[in-house]
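Heads up: the structure comes next, in structure tokens.
Order of listing sets the numbers, starting from 1, for every ligand and every atom in it. Index from 1, following the sequence.
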Amino acid sequence: MTDKAVSDKAISRLKARLDRAVSARGELEQALSAQSALLIGFITKLSLACRGKDLSLDNKLAKLRATLKKSTNFSDLEREIASISPLLHQHIAQQEVDLKALQENLLLSALSVQKSQTTNAGSQRQLKQLIDKTKRGASSLNQYLPLINEFILFFQNALLSLQAASTSASSDNDNKVTPENNNADVADNLGKASGNNLDVITKETQERFNSILNTLVNTSKHKADISKVKSSLTEQLPTHKLLTKCLHVFDLVLDELQQERASAKAFLSTLSEALHSVNSSVTSTITSINASNTEHDALNLELKTHIKTISDDINGTNSLLDMKTGVNNHLQSIVKTLAKKNQLEAEQRLALNDKLNKMSAQISRLESESESFEKRIKEQQIKSMQDGLTKLANRAAFDEFFAMQMVHYHHQSFDLAITVIDLDDFKRINDTYGHSAGDKTLKAIAKTLMDVIAEDAFICRYGGEEFVLIFQGFDKVTVINKLNILRKKVASLPFTFKGNRVSISLSLGVTFVQAGDNIHSAFERADAALYRAKHDGKNRVIYG
Ligand SMILES: Nc1nc2c(ncn2[C@@H]2O[C@H](COP(=O)(O)OP(=O)(O)OP(=O)(O)O)[C@@H](O)[C@H]2O)c(=O)[nH]1
């Protein structure tokens with residue numbers, strides 16, 4: 001081969017290598033630019049995620065993006081990334097503080113809405129669930145977003161229903177109230193307006209009013225009047241009518257209070273009168289005893305004098321006849337004095353007897369008055385601890401009983417379980433068959449509770465459609481077993497309203513008291529278990 005041929009071959013080999021190197025570099029550059037684009041895309045998203053939090057972080061990220069676009073000098077990038085890192089750390093720390101503040105603010109607003117009780121029972125339950133979720137907390141703003149959304153919807157709905165109610169109330173009112181109306185008409189019109197449009201609020205209030213009446217019917221002397229008010233609550237009343245009925249019941253309660261006060265006053269004045277007269281009888285008895293004692297002393301002295309004179313006469317007389325006459329005279333005087341003494345004693349005894357009889361009559365009267373007063377107080381005490389509708393122990397009785405059990409438990413622990421029971425879909429019964437059907441259902445459930453569980457547990461109607469049971473000395477398996485028996489029994493009760501067979505079920509949350517518990521923590525645990533029972537489909541017992 002000639003030299004030229006050799007060098008041509010070498011050149012073409014070199015050219016081929018150069019072509020390969022050029023194409024490899026092209027591929028490298030392509031990969032690099034794809035990676036740079038990816039990095040720019042990432043930094044852009046990071047900038048968006050952090051945007052608006054910190055101006056200098058925004059600027060630094062913008063500069064990093066620009067640097068990336070125009071150069072691939074990694075030492076430039078490294079410097080900028082190093083200056084961004086501490087800002088990102090600060091951003092993360094600030095975000096944690098903001099999250100905590102967000103959680104607290106959400107909780108505060110939810111709790112104040114909960115306290116205001118302007119929402120209905122269903123909303124209250126939804127609010128409680130939102131509060132529970134908020135309490136559990138979240139680790140990033142993104143996790144909070146769905147919760148905030150739920151809150152916004154909840155507040156929006158609450159606001160809308162309030163606004164709708166008050167707007168139509170005031171527009172109705174504008175239409176009806178004229179300057180000629182007197183105050184009563186104005187109140188009436190306002191009442192009609194709100195009655196037509198504040199149905200949700202009125203219904204809840206009416207139901208609360210009804211439960212108060214249930215208690216009063218049991219305790220009040222005006223039982224008949226209160227029953228009349230109660231039976232007029234069968235339909236939804238306008239606010240002004242409900243208000244008038246409330247005032248009527250208020251008057252009855254006030255009247256009863258005044259009667260009660262008057263009877264206590266009468267009892268006290270009888271007591272004071274009787275004590276005063278017993279006191280004066282005792283004083284006069286003592287005075288008359290003192291007076292007759294003086295008379296007795298005088299008669300005794302007279303007797304002593306007669307006896308002494310007899311003995312002096314006997315000593316100073318020699319004649320038997322004189323002695324006989326003298327002694328005879330003295331004996332006659334002594335007999336007279338003794339007769340006086342006897343008469344005095346008899347009179348005294350009579351007077352004393354008379355006074356004692358009077359005193360004992362006064363004391364008996366007093367005794368019978370205090371007995372009837374005591375009986376009345378006892379009856380009132382029992383009634384104040386009893387639920388008027390179901391005759392079960394009421395919330396006050398539960399508070400007292402559970403507090404006492406907790407004291408025993410902390411003194412020496414024992415199996416102490418608390419169960420919170422709630423009727424399922426009870427509102428449906430009221431809404432479909434009326435409030436009195438609801439009341440009958442509550443009574444029937446209370447009776448079943450008594451029949452099935454009274455021997456094993458303290459039972460109370462905690463309020464509304466909620467009951468609470470306290471078990472002592474039964475282990476977990478036994479308690480759950482008993483609760484399931486109760487649950488099944490209630491589910492099998494044959495309720496019939498307006499010709500329809502209706503079945504009622506219970507959701508039950510149960511827990512055992514633990515060492516660190518107080519009344520509230522134990523109750524809340526049982527209540528949380530009840531919510532889980534509702535959430536998991538109702539008609540079940542959940543241990544919490
Ligand atoms: N008849 C009657 N109803 C009452 C009484 N106390 C409370 N209620 C009603 O009980 C109902 C309870 O309704 P909610 O709290 O919505 O509960 P619910 O319909 O049972 O639904 P869940 O609890 O979710 O199963 C409300 O309609 C109350 O008015 C009462 O003494 N008598």
Side-chain angles (χ1 to χ4, degrees), residues 114 117-132 154 157-158 161 198-219 226-227 229-237 242 245 249 386-395 398 419-447 449 459-468 487 490-491 493 495 497-498 502-509 526-542:
Q114 196 179 41
Q117 293 190 329
T118 47
T119 48
N120 62 24
S123 307
Q124 283 287 349
R125 176 154 296 153
Q126 191 191 353
L127 191 56
K128 188 172 184 312
Q129 281 166 358
L130 286 174
I131 289 173
D132 289 344
F154 178 85
N157 284 338
S161 60
L198 291 173
D199 280 351
V200 180
I201 295 172
T202 308
K203 200 165 181 199
E204 289 303 315
T205 315
Q206 192 163 322
E207 275 157 4
R208 269 205 72 205
F209 185 43
N210 198 56
S211 332
I212 294 171
L213 291 181
N214 280 336
T215 315
L216 285 177
V217 149
N218 190 38
T219 53
I226 290 180
S227 293
V229 175
K230 195 171 141 41
S231 51
S232 69
L233 293 181
T234 43
E235 53 181 289
Q236 177 101 28
L237 293 174
L242 194 63
K245 287 183 188 299
V249 172
Q386 197 181 48
D387 170 53
L389 181 72
T390 60
K391 306 285 178 280
L392 291 178
N394 64 9
R395 164 109 186 246
F398 160 76
T419 306
V420 184
I421 303 176
D422 190 278
L423 267 67
D424 293 331
D425 305 312
F426 184 56
K427 194 170 179 309
R428 185 173 46 94
I429 305 284
N430 276 336
D431 291 350
T432 320
Y433 304 106
H435 210 268
S436 68
D439 281 359
K440 278 183 197 146
T441 310
L442 288 170
K443 280 193 200 172
I445 302 283
K447 185 176 176 314
L449 285 174
I459 309 170
C460 94
R461 181 179 177 207
Y462 190 74
E465 16 69 271
E466 272 195 335
F467 298 87
V468 175
R487 181 181 63 77
V490 168
L493 290 178
F495 287 101
F497 299 123
K498 296 184 181 161
V502 179
S503 57
I504 308 279
S505 63
L506 302 179
S507 289
L508 304 94
D527 203 34
L530 165 67
Y531 278 111
R532 261 190 289 142
K534 291 272 182 194
H535 187 259
D536 292 355
K538 309 184 180 178
N539 189 20
R540 65 198 59 222
V541 177
I542 294 282

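For Phe467, the ring-ring contact (aromatic ring centres under 6.0 Å, His included) test picks out no residue, with sequence neighbours left out. For Tyr462, the ring-ring contact (aromatic ring centres under 6.0 Å, His included) test picks out Phe398, Phe523, with sequence neighbours left out.
At under 3.5 Å, not a single nitrogen or oxygen of Leu442, backbone or side chain, sits near a nitrogen or oxygen of ligand 1. The shortest N or O to N or O distance between His435 and ligand 1 is under 3.5 Å. For ligand 1, the polar-atom distance check finds no N/O of Leu389 at less than 3.5 Å from any of the ligand's N/O atoms.
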For the pair Lys443 and Asp439, evaluate salt bridge (charged side-chain N to carboxylate O under 4.0 Å, His left out) and give the outcome as yes or no after the intermediate values.
CA-CA 6 Å; Lys443 280 193 200 172; Asp439 281 359; over 6 Å; no
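Ligand 1 places these atoms under 4.0 Å from at least one heavy atom of Gly438: 1 (N). Listed by number with element, the atoms of ligand 1 under 4.0 angstrom from any heavy atom of Leu423 are 20 (O), 23 (O), 25 (O). Near Lys538, the atoms of ligand 1 lying under 4.0 angstrom from a non-hydrogen atom of the residue are 22 (P), 24 (O), 25 (O).
Of the inter-residue distances, the one linking Leu506 atom CG with Asp422 atom CG reads 8.5 Å to the nearest 0.5 angstrom.
Distances shorter than 4.0 angstrom occur between a heavy atom of Arg461 and an atom of ligand 1.
No donor-acceptor distance shorter than 3.5 angstrom exists from the side chain of Lys538 to the backbone of His535, with no hydrogens or angles considered.
A salt bridge does not link Arg532 to Asp536: none of the charged side-chain nitrogens sits closer than 4.0 Å to a carboxylate oxygen.
Around atom 25 (O) of ligand 1, the closest heavy atom drawn from Asp422, Asp425, Asp431, Leu213 belongs to Asp425.
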